Each structure stands twice: as structure tokens, then as C-alpha cells.
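Note that the structure is a prediction, hence the values are computed from the model and not measured. Counting convention: from 1, in listed order, for ligands and their atoms alike.
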Amino acid sequence: MKPQVLQLNPILIPSINDALASLYTVHRHFEMSEPEAWLRANGADIAAVITGGHTGISRAMLEQLPGLKVVAVNGVGTDAVDLAYCRERGLPVTATLGALTEDVADLAIGLLIAACRNLCAGDRFVRDGQWERFPQPSAIPLARRFSGMRVGIVGMGRVGRAVATRAAAFGCPIGYTDLRAMDDVGHRFVPSLIELARDSDALVLCAAADSAEGIVDAAVLDALGPRGFLVNVARGRLVNEPDLAAALTAGRIAGAGLDVFVDEPRVPLALRQSDRATLQAHRASATWETRTAMGEMVLAGIAQALTGARPSMSLTT
Ligand code: 8YV
């Protein structure tokens, strides 16, 4: 009999789904009409869980899976998994470390350029036929130059470093904050987030959200100031969303490029209505290339765990 896998999030790569189906009996939790009853009846048979970074898995669900051998996160964020509990249980939790770095950094820069050059407003202006009605160049306000902006990176892990490489190519002076200065990073370390915001034209959030909830609040946004931009490609809850909405509405910051939100897929109306906000639906890793690489890492992690080996991408055991 094939080992049984519980899948909490869809995987969009057909070859990965085919490989999963050929090796395992896959139960798609997200398609079940009565997931709780199903879990009570079948939880004991599940050997592996696949979940997304944002979805994770609750401790209550883990407790219903006594035969579980691995949690394979199809993502890098493990803030929605109780790692301490998994460690206690000797349960490997794997993540797709390194697979999505380049795409997430690409989107961060894309969102920043889109925000400061008003790309979405410009697209709507042409698409809606406004250009023909208002052909005079003054119909669109001048934008802000990205090249050379002072970029402050919050969280200098893989993604933060990849954003720094890209921003440096645009001639941007770079500062960063993290729990500590890093010897192998040549950029300026600023211990205080408020100070980094004050010294930056753009703050780019690349930090893990495990213990950094609401670190970007009204005080940080005011330090960034009316010419400053915020980009978030990490986790929505790094930001105090009502504070951000208020700052955008009042023009206390110039703009924001947001791929992630506190309560996805719900996005506060004030953000959706703000012309200063450029929004994406948590798409930073959503390319064929990255999602294929991520899926392959999920397959490898499960295969290693089910043969009794320690998965090379395990963060817990
Ligand atoms: C993915 C993410 O979109 O890696 C993460 O932590 O949040 C995202 O890159 C998600 O995990 C896809 O399932």
C-alpha cells in the first residue's frame, strides 16, 4: 500500500502532482467537503503533510496525526508551524530554502519600481482611454526616480541579500537591519528599525515573521516619511495594517508595494482603494520555475523522511 499524504494547499505544477500521485495516496484537504470528520476518521493513517508557507499547520491538526513522519512546507516561511512542538515530537519540518529567493527579490524590486513610477495608474490611464481624452503631458503627475534611492532592507536573509544585489545594480545605497550585524554583508547595518526608516527612501520587508509581529507601525512609517515607500514581500503581519492604511490615506508615506497581507485573501478596503498602493495576491514565488523547484524539494523531503533518513531540508530534527 502506498503511504498516505495529506495535502493542505494546491500545487500548481502538473509534473509534481503526477509524481505525488504515483508515489503516494494523496488526500486533498482543501477539496474535502467535511475535512474535520475526515481527519477524525483517517488522521492516524497519514504519513506526510504538504502545506504552504502561509497556511502552515495548526498544532491541533498535528495532534490528530499520530503517525506523521514529516511536514513538508512548500515555501520558506515556517511561522505558521509550531516548530518547538515538532522538535519535541522528533518530527522533521522541511522548507524549500533557496528555491524562491530570486523570484521573491525580483518581485520586491518590481513592486518598488511600480510604486514609485506609478506603473499601475499609468496602465489604467492608457487602458481606460484617458490618454486620448487628456493628451497633455501634465495630465499625469511626475513620478519618483528609483535608481539611486536609499534602500533599507529589513531582514538580511537569502531574500534580503538578493534584494540588496538587485538594488545595488540600480545604484542604490543600502542599509539593513536584522537581529544582529552580519560579517559577510558589506552593507551598512542599522540596529534600530526606526533609524533605518528615517535614513531610507524605501523600506523592503524580507524578514521572517516568527517574532516580529507589527514591527512596522505608525512610528516607523512616520520615520520613513512622506517621500518614503514601503515594500512587503515577507509576511503581512510584520506590518500594523491599520497604521499603514492610515499613513497611505493621509499621504504620510508616498506609497507601498504589497504582496502579503495580515488576513489573506482579505485585504482592507482602505488599501484596495488607495492609489498609493500597488497590490499583488501573494505571488512572489508564483513562477513555473520556482514552483517546480519548490515541488521537487517537497518530493525529496517526503521521500527522505519516509525512508527513515533525516530530510536534508529539515529545520527541526
Ligand atoms: C508561497 C510563502 O507562496 O514561502 C513562503 O513562505 O509564503 C510563499 O512563497 C507559499 O508557501 C506557496 O504555498
Peer 1: With atoms numbered from 1 as shown, which atoms in ligand 1 lie under 4.0 angstrom from a non-hydrogen atom of Gly77?
Peer 2: 4 (O), 5 (C), 6 (O)

Peer 1: Does anything in residues 266-287 pair up under salt bridge (Lys or Arg N to Asp or Glu O under 4.0 Å), and if so which pairs, sequence neighbours excluded?
Peer 2: Asp263-Arg266

Peer 1: Rounded to the nearest 0.5 Å, what's the gap from OH on Tyr85 to OG on Ser58? Could you check?
Peer 2: 10.0 Å

Peer 1: Does a sphere of radius 6.0 Å around CD in Glu31 hold more than 12 heavy atoms from other residues, nucleotides or ligands, not counting ones at 6.0 Å or beyond?
Peer 2: yes

Peer 1: To the nearest 0.5 Å, how far apart are CD1 in Ile50 and CG in Asn9?
Peer 2: 10.0 Å

Peer 1: Should side-chain heavy atoms under 4.5 Å link Ile, Leu, Val, Met, Phe, Trp and Tyr, which residues sit in the same cluster as Leu221?
Peer 2: Val154, Val190, Leu193, Ile194, Leu196, Leu203, Leu205, Ile215, Val216, Val220, Leu224, Leu230, Leu238, Val239, Leu244, Leu248, Ile253, Leu258, Phe261, Val267, Leu271, Leu279

Peer 1: Of Glu264, His282, Met294, which has the heavy atom at the shortest distance from atom 2 (C) of ligand 1?
Peer 2: His282

Peer 1: Relative to the heavy atoms of Leu100, which atoms of ligand 1 are at a distance of less than 4.0 Å?
Peer 2: 4 (O), 9 (O)

Peer 1: Which atoms from ligand 1 have a heavy atom of Val76 less than 4.0 Å away?
Peer 2: 4 (O), 5 (C), 6 (O)

Peer 1: Under a 4.0 Å heavy-atom limit, does Arg291 contact ligand 1 with its side chain, its backbone, both, or neither?
Peer 2: side chain

Peer 1: Nearest heavy atom to atom 13 (O) of ligand 1 wins, so pick from Asp259, Asn74, Val73.
Peer 2: Asn74

Peer 1: For ligand 1, which atoms, with element, lie under 4.0 Å from some heavy atom of Gly53?
Peer 2: 6 (O), 10 (C), 11 (O)

Peer 1: Numbering the atoms of ligand 1 from 1, which are under 4.0 Å from a heavy atom of Arg235?
Peer 2: 2 (C), 5 (C), 6 (O), 7 (O)

Peer 1: As an exercise, identify every atom of ligand 1 less than 4.0 angstrom from a heavy atom of Gly75.
Peer 2: 4 (O), 5 (C), 11 (O)

Peer 1: Say you draw a straight line from CZ of Arg161 to NE2 of His187; how long is it, rounded to the nearest 0.5 Å?
Peer 2: 9.5 Å

Peer 1: Can you confirm whether more than 12 heavy atoms, excluding those of Leu179, are under 6.0 Å from its CG atom?
Peer 2: no

Peer 1: I'd like to check which ligand 1 atoms, numbered from 1 as shown, lie under 4.0 Å from a non-hydrogen atom of Gly52.
Peer 2: 11 (O), 13 (O)

Peer 1: Regarding Arg59 and Glu63, does a basic nitrogen lie under 4.0 Å from an acidic carboxylate oxygen?
Peer 2: yes

Peer 1: Going by the order shown, which atoms of ligand 1 are within less than 4.0 Å of some heavy atom of Ser285?
Peer 2: 1 (C), 3 (O), 8 (C), 9 (O)

